[in-house]
Amino acid sequence: MTVKKHTMFLYIAAICFTASSSAFIKGLPVIGQVINAVECVIFIYCFLMLIKSRRVNTYTWLVILFYVLLGVSTVLGTKEYFTYIVYAIQGIGATVFINYEFNRYPVETAKVLRNVLMCFILINLFMCILFPGGFYGTGNTAMFFLGYRIAFTPFIIAQVFFSLLYDYASKASDKISIFSIASVVVGFMSVLIKNVSTGIVTLAAVLGLVAICKHRKKQFNLYYFYIIYAVIFVGIVIYNIQYHIPFISYFLVDVLGKSLTFDHRTTIWLATIKEFLEKPILGYGLTGGGGVLVKFEYRIATLSAHNQILNLMWEGGVVAFSVFAAMGLQIGRALKRAHNNNISYLACCFIIGFFVMMFTEVQMTKALIFLLFAAAANIQKVIDDKEERLEVFRRYALRTHNNT
């Protein structure tokens, strides 16, 4: 590929993976099918190039295995084959794309992704102002350019991540650009205008973690975070400790304005756990809109688990969850090997941010999470690329100095 053709390829891929994360765009006639087809072509091309160069890394193989196992669960369970194919191509495609491009042009890839994501977020913000009630639907079911209002957050988190990643990777000083500051401002405006409390808290928490890491010059140990996350998950999802610990109840009720049931999610979690225990090994398979039968006090609904871990265990059982856990450990290993570097600090903070979002939402239906997770798993490529360019600059400066 020439440079110009390569840039076009990057933009096409970035637009497709970003657009496929929007329920509104994917639901448009013809456009959704075109996006699926282009993602499939991108996946096949990048994967063949990686096989040819023997650069398929361990994390990418784990993602492929993850979807193979979910495929088995789908065949034996829901039999929603089209849904499975769409999600598999989306998840594996985004992972393979990052694996391939970060081996070649990681800085340009980060720049293109931040540009595309910024355009999508700006369009969404403009549409929210122009159509405050959404294109159709009401309340939490109102549909906007990026999908439901609760779906804004992953776009914003991914955009800020790739914007800061480009700043850190392209400059020697790790100085934050005006573009990244604008990204944060637009992101906060997007979640504030629709009062997305999860987005406000997550974005603020992630930026706070980034600031702490830059000040301390040390990243958080992702393995320790996994342990803490598991303890909190068991405590809240299974034992409902929020009713007994004043700090948690104060944070939920007084700070976030939520109920101790996480807006009735505890009922959904209980129903999911009961169904999971009936098919704990392979689960039920992928579904388009959730398959958990939830009996509320006044109605019965079929929903997703509203918790990524529970939803994953419902869909793929212990088997698929084990591979997902291995994916998380592989990311932790990649970040640990790249220790004492602001680029790895950055990736660690945003991985934590996505896990925070996944506590009350299902995020793996979007390509965005696979783009960010794959970037973290391949973060050493970004660091090596920056060090190589700095070394070239140092040699050039030394040669110029000696000539004068």
With a 6.0 Å cut-off on the ring centroids, do [X] and [Y] count as close?
X: Phe97; Y: Phe43; answer: no
X: Phe17; Y: Phe370; answer: no
X: Phe135; Y: Phe131; answer: yes

Check: [Y] main-chain N/O paired with [X] side-chain donor or acceptor under 3.5 Å:
X: Thr202; Y: Gly353; answer: no
X: Arg299; Y: Phe296; answer: no
X: Asn311; Y: Ala305; answer: yes
X: Ser20; Y: Cys16; answer: yes
X: Thr18; Y: Ile15; answer: no
X: Tyr59; Y: Ala334; answer: no
X: Thr78; Y: Thr287; answer: no
X: Gln308; Y: Gln363; answer: yes
X: Asn99; Y: Asn57; answer: yes
X: Thr95; Y: Ala374; answer: no

Point-to-point distance, once rounded to the nearest 0.5 Å, from [atom1] of [X] to [atom2] of [Y]:
X: Thr7; Y: Lys4; atom1: OG1; atom2: NZ; answer: 9.5 Å
X: Ile227; Y: Leu222; atom1: CD1; atom2: CG; answer: 10.5 Å
X: Ile281; Y: Leu76; atom1: CD1; atom2: CG; answer: 12.5 Å
X: Ser180; Y: Asp167; atom1: OG; atom2: CG; answer: 3.5 Å
X: Ser177; Y: Leu164; atom1: OG; atom2: CG; answer: 7.5 Å
X: Ser190; Y: Leu203; atom1: OG; atom2: CG; answer: 10.0 Å

Which atoms form the tightest heavy-atom contact between [X] and [Y], and what is the distance?
X: Thr141; Y: Tyr148; result: O-CE2, 3.3 Å
X: Ala169; Y: Val107; result: CB-CG2, 3.9 Å
X: Phe82; Y: Asn36; result: CZ-ND2, 4.1 Å
X: Ala338; Y: Gln380; result: CB-OE1, 3.3 Å
X: Ala377; Y: Ile331; result: CB-CG1, 4.2 Å
X: Ala151; Y: Leu146; result: CB-O, 3.8 Å

Answer yes or no: is there a side-chain heavy-atom contact under 4.5 Å between [X] and [Y]?
X: Ser73; Y: Glu315; answer: no
X: Phe47; Y: Tyr100; answer: no
X: Leu69; Y: Leu65; answer: yes
X: Asn240; Y: Tyr243; answer: yes
X: Ile212; Y: Leu207; answer: no
X: Asn124; Y: Phe155; answer: no
X: Thr60; Y: Val96; answer: yes
X: Phe161; Y: Leu113; answer: no

- Query: Which is it for Val362 and His306 under the side-chain contact (heavy atoms from CB on, under 4.5 Å) test, yes or no, and what are the steps along the way?
  - Reply: CA-CA 6 Å; Val362 174; His306 282 69; 5.7 Å; no
Counting neighbours of [atom1] on [X] that are heavy atoms of other residues, nucleotides or ligands and sit closer than 6.0 Å, is the number greater than 12?
X: Ile178; atom1: CD1; value: no
X: Lys274; atom1: NZ; value: no
X: Met189; atom1: CE; value: no

- Is it possible for you to check whether Arg114 lies under 6.0 Å from the centre of the six-membered ring of Phe179, through NZ or CZ, and within 45° of that ring's axis?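 Because its charged atom sits under 6.0 Å from the ring centre and within 45° of the axis, Arg114 does stack over Phe179.
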- Is the charged tip of Lys336 near the ring of Tyr223: under 6.0 Å from the six-membered ring centre and within 45° of its axis?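 Here Lys336 fails the 6.0 Å and 45° test against Tyr223.
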- Do the charged groups of Glu108 and Lys111 touch, with an N to O distance under 4.0 Å?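 Lys111 and Glu108: not salt-bridged.
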- Using a strict cut-off of less than 4.0 Å between a Lys/Arg side-chain nitrogen and an Asp/Glu carboxylate oxygen, indicate whether Asp385 and Lys381 qualify as a salt bridge.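 Looking at Lys381 together with Asp385, the answer is no, because their closest N to O distance does not fall below 4.0 Å.
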- Carefully, step by step, assess Phe145 and Ser22 under the rule side-chain contact (heavy atoms from CB on, under 4.5 Å). CA-CA 7 Å; Phe145 182 70; Ser22 166; 5.8 Å; no
- Message: Ignoring hydrogens and geometry beyond distance, is a side-chain donor-acceptor pair present between Tyr168 and Asn341 at under 3.5 Å?
- Response: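 No pair is found: no donor N or O on one side chain lies under 3.5 Å from an acceptor on the other.
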Once the angle between the rings of [X] and [Y] is folded into 0 to 90°, is it parallel (under 30°), tilted (30 to 60°) or perpendicular (over 60°)?
X: His6; Y: Tyr105; answer: tilted
X: Phe359; Y: Phe262; answer: tilted
X: Phe355; Y: Phe324; answer: tilted

- Task: Evaluate the criterion side-chain contact (heavy atoms from CB on, under 4.5 Å) for residue pair Leu165 and Val382; output intermediate values, then yes/no.
- Result: CA-CA 9 Å; Leu165 181 64; Val382 185; 4.1 Å; yes
- Task: Can you sort out the partners of Phe276 under side chain to side chain contact (heavy atoms under 4.5 Å, CB included), two or more places apart, ordered by chain and number?
- Result: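 In terms of side chain to side chain contact (heavy atoms under 4.5 Å, CB included), with neighbours along the sequence ignored, Phe276 is linked to Pro280, Met313, Val318.
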- Might you work through the side-chain contact (heavy atoms from CB on, under 4.5 Å) test for Ile150 and Thr198, ending with a clear yes or no? CA-CA 8 Å; Ile150 59 174; Thr198 302; over 6 Å; no
- Going through the distances and angles, do Gln242 and Ser249 end up as a side-chain hydrogen bond (donor to acceptor under 3.5 Å, both in side chains)? CA-CA 5 Å; Gln242 65 270 25; Ser249 60; over 6 Å; no
